[in-house]
Amino acid sequence: EALREHAREDHLGLPGHKLPFTGLPTRLDQLIDNHHGALKRLRRHLEERGPLTAAQCFMPVFGREVEEEVFGMALSEAIGHLNHMLRMGEVTRELSEDGAYRFRLS
């Protein structure tokens, strides 16, 4: 959201995957909407099933099961969403006996 005010239609986007593109304001709006939707689904998931590990939060974040080949990237993104919620005071994090962090709604 902080970058949105600086984005112009003629900016060339060079994503880490897929093809380069122009139309950065539109793409930023899509990314923002996607992340807000994932956060909303994640809140509901934690409310219904928490406390959970980041890996147990893949379904609400991605809307599908995650294949082994992309597990690390998916885990990083799920942790990113959960850490955002932690910074915002929406969740707490506890280290469980098995050494995994579990997140629950505050």
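We're numbering straight along the sequence, starting at 1. Everything numeric in this text was worked out from a predicted model, so none of it was measured.
Its side chain within the 4.5 Å cluster rule, Leu14 clusters with Leu12 among the Ile, Leu, Val, Met, Phe, Trp and Tyr residues.
Ile32 and Phe21 sit in two unconnected hydrophobic clusters of ILVMFWY residues. Membership requires side-chain heavy atoms under 4.5 Å apart, directly or through other members. Follow the hydrophobic side-chain contacts under 4.5 Å out from Val66 and you never reach Met59; the two are in separate clusters.
Minimum interatomic distance between His11 and Arg8 (heavy atoms only, all atoms of both residues): ND1-N, 2.9 Å. Closest approach of Ala54 and Ala78 over heavy atoms only: O-CB, 3.8 Å. Nearest heavy-atom pair, Ser106 versus Gly89, reported as atom, atom and distance to 0.1 Å: OG-O, 3.1 Å. Across Pro15 and Pro20, no two heavy atoms sit closer than the pair CD-CA, 3.9 Å. Summarising the geometry of Leu105 relative to Glu47, their closest heavy-atom pair is CD1-CB, 3.5 Å, with the distance given to 0.1 Å.
With sequence neighbours left out, Glu94 forms a salt bridge (charged side-chain N to carboxylate O under 4.0 Å, His left out) with Arg104. Taking Phe71 as the reference, Phe58 meet the ring-ring contact (aromatic ring centres under 6.0 Å, His included) condition, with sequence neighbours excluded. The side chain to side chain donor-acceptor pair (under 3.5 Å) test applied to Glu65 returns no partner, not counting sequence neighbours.
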- Tell me, with the steps shown, if Met73 and His17 meet side chain to side chain contact (heavy atoms under 4.5 Å, CB included). CA-CA 12 Å; Met73 289 186 293; His17 50 84; over 6 Å; no
- Message: Could you go through Glu9 and Thr22, starting from their C-alpha distance and side-chain angles, then the distance that decides it, and tell me whether this counts as side chain to side chain contact (heavy atoms under 4.5 Å, CB included)?
- Response: CA-CA 6 Å; Glu9 288 295 327; Thr22 56; over 6 Å; no
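For the pair Glu67 and Arg64, the salt-bridge criterion is met [side-chain N within less than 4.0 Å of a carboxylate O].
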Donor-acceptor contacts under 3.5 Å from residues 37-46 side chains, at least two apart:
{"unit_1": "Arg41", "atom_1": "NE", "unit_2": "Pro60", "atom_2": "O", "d": "2.7"}
{"unit_1": "Arg41", "atom_1": "NH1", "unit_2": "Gly37", "atom_2": "O", "d": "3.3"}
{"unit_1": "Arg41", "atom_1": "NH2", "unit_2": "Pro60", "atom_2": "O", "d": "3.3"}
{"unit_1": "Arg41", "atom_1": "NH2", "unit_2": "Val61", "atom_2": "O", "d": "3.2"}
{"unit_1": "Arg43", "atom_1": "NE", "unit_2": "Glu90", "atom_2": "OE1", "d": "2.4"}
{"unit_1": "Arg43", "atom_1": "NH2", "unit_2": "Glu90", "atom_2": "OE1", "d": "3.2"}
{"unit_1": "Arg43", "atom_1": "NH2", "unit_2": "Glu90", "atom_2": "OE2", "d": "3.4"}
{"unit_1": "His45", "atom_1": "ND1", "unit_2": "Arg49", "atom_2": "NH1", "d": "3.0"}
{"unit_1": "His45", "atom_1": "NE2", "unit_2": "Gln56", "atom_2": "O", "d": "3.1"}

Please tabulate, one pair per line, all N/O donor-acceptor pairs under 3.5 Å involving side-chain atoms of residues 79-88, not counting sequence neighbours.
{"unit_1": "His81", "atom_1": "ND1", "unit_2": "Glu77", "atom_2": "O", "d": "2.9"}
{"unit_1": "His81", "atom_1": "NE2", "unit_2": "His35", "atom_2": "ND1", "d": "2.9"}

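By the 4.5 Å heavy-atom criterion applied to side chains, Arg4 and Asp29 are counted as neighbours.
The line from CZ of Arg93 to CZ of Phe103 is 5.5 Å long, rounded to the nearest 0.5 Å.
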